[in-house]
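None of the values given here were measured: they were computed from a predicted structure. What's counted below: heavy atoms across the whole structure, side chains too, no hydrogens, waters or symmetry copies. Sequence lines set the chain letters: A, B, ... in the order given, protein chains first and strands last, and positions in each chain run from 1.
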2 protein chains.
Amino acid sequence: MAELFFDSVWLRPPSRKRTGQPTLDRDQIVRAAMELLDADGPAGLSMRRLGTRLGAGATSLYWHVANKDDLLELAIDEVLGEIYVPEPGDTGWRIALSVMANGMRSAILRHPWVIGLLGTKPTLGPNAMRMGERSVALLTAAGFTGMEVSHVSAMIHAHALGSATTEAAVATATKRAGRTFAEMADELEPILERLSADNPRYDTWRKENVVIAEPEKMWHDSFVFGLERLLDGLEAWLAAGKPA
Amino acid sequence: MAELFFDSVWLRPPSRKRTGQPTLDRDQIVRAAMELLDADGPAGLSMRRLGTRLGAGATSLYWHVANKDDLLELAIDEVLGEIYVPEPGDTGWRIALSVMANGMRSAILRHPWVIGLLGTKPTLGPNAMRMGERSVALLTAAGFTGMEVSHVSAMIHAHALGSATTEAAVATATKRAGRTFAEMADELEPILERLSADNPRYDTWRKENVVIAEPEKMWHDSFVFGLERLLDGLEAWLAAGKPA
DNA sequence: CGAATCACTCGAACAGCGTACGAGGGAAGC
DNA sequence: GCTTCCCTCGTACGCTGTTCGAGTGATTCG
């Protein structure tokens, strides 16, 4: 194995053998780590906590996983594995992209801790590759060519990730405070009111559009609106024979 | 001050007085923190390191800043402060949104550590508010109404953040490895080759479109392509009188 | 069948982290 | 001159990721 320029679980050979009686194993470690992350966010995962949860010593984990970074990389790919990407024949490309985007958004919202990890190193795991394979198939079948394929793929990723990030920020804040969205909004109201002089146009818009009734629906609406406009733009681009 | 449901620097009164000789001060702490973050990422910022850099004891910082979380919140808003959002009269809405999106992308790429922070709590700082104010002005002037305003704003944010995230992931990985993009690509090549059987369609696409020549340009092209398609979609929506 | 090998577990220890606390200094106001 | 208040900081606590080396028990080999 040649010397590697940068480090990643995926670029190392898998652990060599598999014998003996039931002990710790990589998959179960990753699963447990995800449970901790889902429950308490990044701060909820420590090697010691993970160890005791598995009925093992903290340092035993290091036999199966090189370090915490590797473990997180494995967890990221596991999240990507939850995203379904249709095959080209299944539906039209518009619906297919919509399915992929929705799946991505849901997966990120189920595991919001990935957001902070996606910006730190490229995803190279098997599930990431599978997504790449499917995306290429989907988009070439749709009529995109050359670098357009990766551009469009990046657009969808960006929309899903970006939308989920804003939503996750509010969700984690309310969860941490142990309150509902409506309570948070009520709490925030007087503070925004006090700032209204500095932000007059935002303030009037806000007062005409307060919709704290169904926050989940609001986030979803926002996501869908953006996705549809984005797909409209892509459709127009294809229809116009890629003008620019 | 009433009991607060969730915690944020912006919801607390500012420190009360300002006397005496030149000592530590909040702005300079935040600036120094950003320098550490820019240089070495999230891991580069510790209270002790920040203290010594400012020629002070680590715990002195706690007089000016409640805790590390607060400090990060202040830093986030400082990043948002670097983003220029045009006033409605300045140009057409399409160009204005383009300026905002580009500014946002650049700011995030200058300070990629924000990516991991944006998903953790809502941004409430003065610069965030200023962006909100300007965005609303811009979009209402463009003809968007009601919740469309926030939807469109969210779209732009999502695109800038999402694009920057992917780019930052590769950038930090190459930086950490101390190599160039081209070297990383060469390194990765044989590994991708080995996986080609599992991802045939991705592989053929990849081989027909290898463009490692100017990575910076590639990222920017990708960002611009997506932004233009997205603005096309919005323009069509406005032109069609908001069909759905 | 005994010995050697190998996969695996784990306690102890180290350096570093965020931060609570309380003692202290030194200018400002009475 | 004394009190008050802003501000600094050394110490200490409990936590973190990770290294190291000793230990265990099943498998394999001679």
Can you run down the side-chain hydrogen bond (donor to acceptor under 3.5 Å, both in side chains) pairs that involve residues 152-164 of chain B, sequence neighbours left out, and say none if there aren't any?
none
N/O donor to acceptor pairs below 3.5 angstrom from side-chain atoms of residues 210-219 of chain B, sequence neighbours left out:
{"unit_1": "B:Lys217", "atom_1": "NZ", "unit_2": "B:Asp221", "atom_2": "OD2", "d": "2.7"}

For every nucleotide of nucleotides 8-17 of chain D, 5' to 3': is a protein heavy atom under 4.0 Å from its base (B), only from its sugar-phosphate (S), or from neither (-)?
BBBBB---BB
Identify, residue by residue, the members of residues 29-40 of chain A with a heavy atom below 4.0 Å from DNA chain C, and return them in order of residue number, or none.
none
Under 4.5 Å between any side-chain heavy atoms of B:Arg206 and B:Glu193, yes or no?
yes
Which residue pairs pass the side-chain hydrogen bond (donor to acceptor under 3.5 Å, both in side chains) test when at least one of the two sits in residues 39-57 of chain B, sequence neighbours left out?
B:Glu35-B:Arg53, B:Asp40-B:Arg49
How close or far is atom C1' of D:dC7 from atom CG of B:Leu54, stated in whole angstroms?
15 Å
Checking B:Glu78 now: which residues fulfil salt bridge (charged side-chain N to carboxylate O under 4.0 Å, His left out) with it, not counting sequence neighbours?
none
For A:His64, ring pair (Phe, Tyr, Trp, His ring centres under 6.0 Å) partners two or more places apart
none
List for me each residue that meets salt bridge (charged side-chain N to carboxylate O under 4.0 Å, His left out) alongside B:Arg31, sequence neighbours excluded, and say none if there are none.
none
Salt bridge (charged side-chain N to carboxylate O under 4.0 Å, His left out) partners for A:Arg130, two or more places apart
none
